[in-house]
Protein chains: 2
Amino acid sequence: MNVRTLCLGILTFKEASGYEIKKMVEEDVFGHFIDASYGSIYPALTKMMAEGLVNVRAEEQAGKPDKKVYAITPFGRQELAAALLVDPAKDKFKSEFMFQIMLQEFLPKEHVAQIYQSQIEYLRDEIEKIRCCVGDHQVNHPSMSFVAGFGEASLGAGLKFLEDNRAQILGDETPSLTLVDGTLDHNKDQIEGQSKDQKNA
Amino acid sequence: MNVRTLCLGILTFKEASGYEIKKMVEEDVFGHFIDASYGSIYPALTKMMAEGLVNVRAEEQAGKPDKKVYAITPFGRQELAAALLVDPAKDKFKSEFMFQIMLQEFLPKEHVAQIYQSQIEYLRDEIEKIRCCVGDHQVNHPSMSFVAGFGEASLGAGLKFLEDNRAQILGDETPSLTLVDGTLDHNKDQIEGQSKDQKNA
DNA sequence: TTGATATATATCAATTTGATATAAGGGCTC
DNA sequence: GAGCCCTTATATCAAATTGATATATATCAA
């Protein structure tokens, strides 16, 4: 599946600008199983406009550049339906965190402890975001709550595993605290010595 | 993280050819959280050889082309350690299956039923593969069993969700086996319209 | 015998990423 | 009231990566 199909699919839920589509695949329920960058979204929309799969409405805005709001056309829906009628590709999960864990022997203990904690916090955040999505925003769409439920289940199980098997990787620190109320906080073996200005490669 | 780092990481476990590295990211424990294609692996190995990060040993084989077995050098290990000392990028999960489910209204019912069943079987296979990996093959490496455990937990929860929430997407077919202790409740009356079994591949 | 599958390396067009440029507005602080 | 960062918004582009294909041989099955 390519970015074209992805954009068409999103536009069936509501009309949107390229910028908004990007936000949706970053933050919305969509974000948990699809991905795309500006560099592919904008050209895809331009091309699909020329082909009549979408149409545009320029929304003038004080100061900011005009927002180009795209909407899917009947022809676009037709193309989408055709593009979807294939066996979906296998799920793909990428995790640099897991890669680093596999190679922990090459890393300072403090680094491993730090990324482990960050990963736990990241997963908690993601789960929280899904719950918010389902709560406030209209996840009236039945398949949306299904997809959200799946994400919550998977991420929840992963999080629980990380919480339960900390000792396997980090030796022992914070042994069994999560049982009380779920708020583990104090790492007696401090990580504070390290700066946290590491950049992604 | 790029393919270079990925190859170096894998080569710390054992020396391997480009072909074998590809197999490893396809089938081994690695396969559950990293990915790479021939088109990126081969050039990466060639370049890293020129840079002294790996070295090669040509293994002659009857008939087949010589196998070029790559091994990581001390300099390669040094570079790997440096490349790993960054905040890992966010996990990324891609699922065309979920995308199709979100857009099920554009798809024939039978197609949805078919991909749903395939997805369940696919997840069962993946979990089985992980268990095999841990069983026979040497997952002596402690972090390998950790990573395998994480995968099993996440995939297992996802699989259970699909099994338990079938009705939410497919209407009703194959209704109740998991209902004994399950949390889902509001399934009193079902539409018994179609009970065709679809076990197509 | 034909076809399919597996080992093995390699290339390359097409797609996609990730970073950057441009431009205006708002908010923060000092 | 200047400096700075963040957000909205579109767009481009080098570099990385994919996915498909080519080449060659061996084996197994129909």
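End-to-end axis angle of the helix from C:dT1-D:dA30 to C:dC30-D:dG1, from C1' rotation axes over five pairs per end: 40° (rounded to 10 degrees).
Take B:Glu15 and apply the side chain to side chain donor-acceptor pair (under 3.5 Å) test, not counting sequence neighbours, and it matches B:Arg57. Scanning for side chain to side chain donor-acceptor pair (under 3.5 Å) contacts around A:Lys94 gives an empty result, with sequence neighbours left out. Remark: A:Lys22 engages A:Glu26 in a side chain to side chain donor-acceptor pair (under 3.5 Å) (not counting sequence neighbours). In this structure A:Glu105 satisfies the side chain to side chain contact (heavy atoms under 4.5 Å, CB included) test together with B:His141, sequence neighbours excluded. Applying the side chain to side chain donor-acceptor pair (under 3.5 Å) rule to B:Ser95 yields the partners A:Asp91; only residues at least two apart in sequence or on another chain are considered.
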What pairs of nitrogen or oxygen atoms, one from the protein and one from nucleotides 16-20 of chain D, lie under 3.5 Å apart?
residue: D:dT18; atom: OP2; partner: B:Ser37; partner atom: N; Å: 3.2
residue: D:dT18; atom: OP2; partner: B:Ser37; partner atom: OG; Å: 3.1
residue: D:dT18; atom: OP2; partner: B:Ser40; partner atom: OG; Å: 3.1

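Proximity of B:Tyr42 to the phosphate of C:dA10: no side-chain N or O atom is located under 4.0 Å from OP1 or OP2.
A 4.5 Å side-chain heavy-atom check between A:Val56 and A:Val69 finds every atom pair outside the cut-off.
A:Lys67 places its NZ atom 9 Å from the C1' atom of D:dA9, with the value rounded to the nearest Å.
Sorted by first then second residue, the salt bridge (Lys or Arg N to Asp or Glu O under 4.0 Å) pairs that include residues 146-160 of chain A, not counting sequence neighbours, are A:Arg131-A:Glu152, A:Lys160-A:Asp164.
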Could you pull out all donor-acceptor pairs under 3.5 Å where a side-chain atom in residues 45-53 of chain A meets a protein atom, sequence neighbours excluded?
residue: A:Thr46; atom: OG1; partner: A:Tyr42; partner atom: O; Å: 2.9
residue: A:Glu51; atom: OE1; partner: A:Arg4; partner atom: NH2; Å: 2.8
residue: A:Glu51; atom: OE2; partner: A:Arg4; partner atom: NH1; Å: 3.4

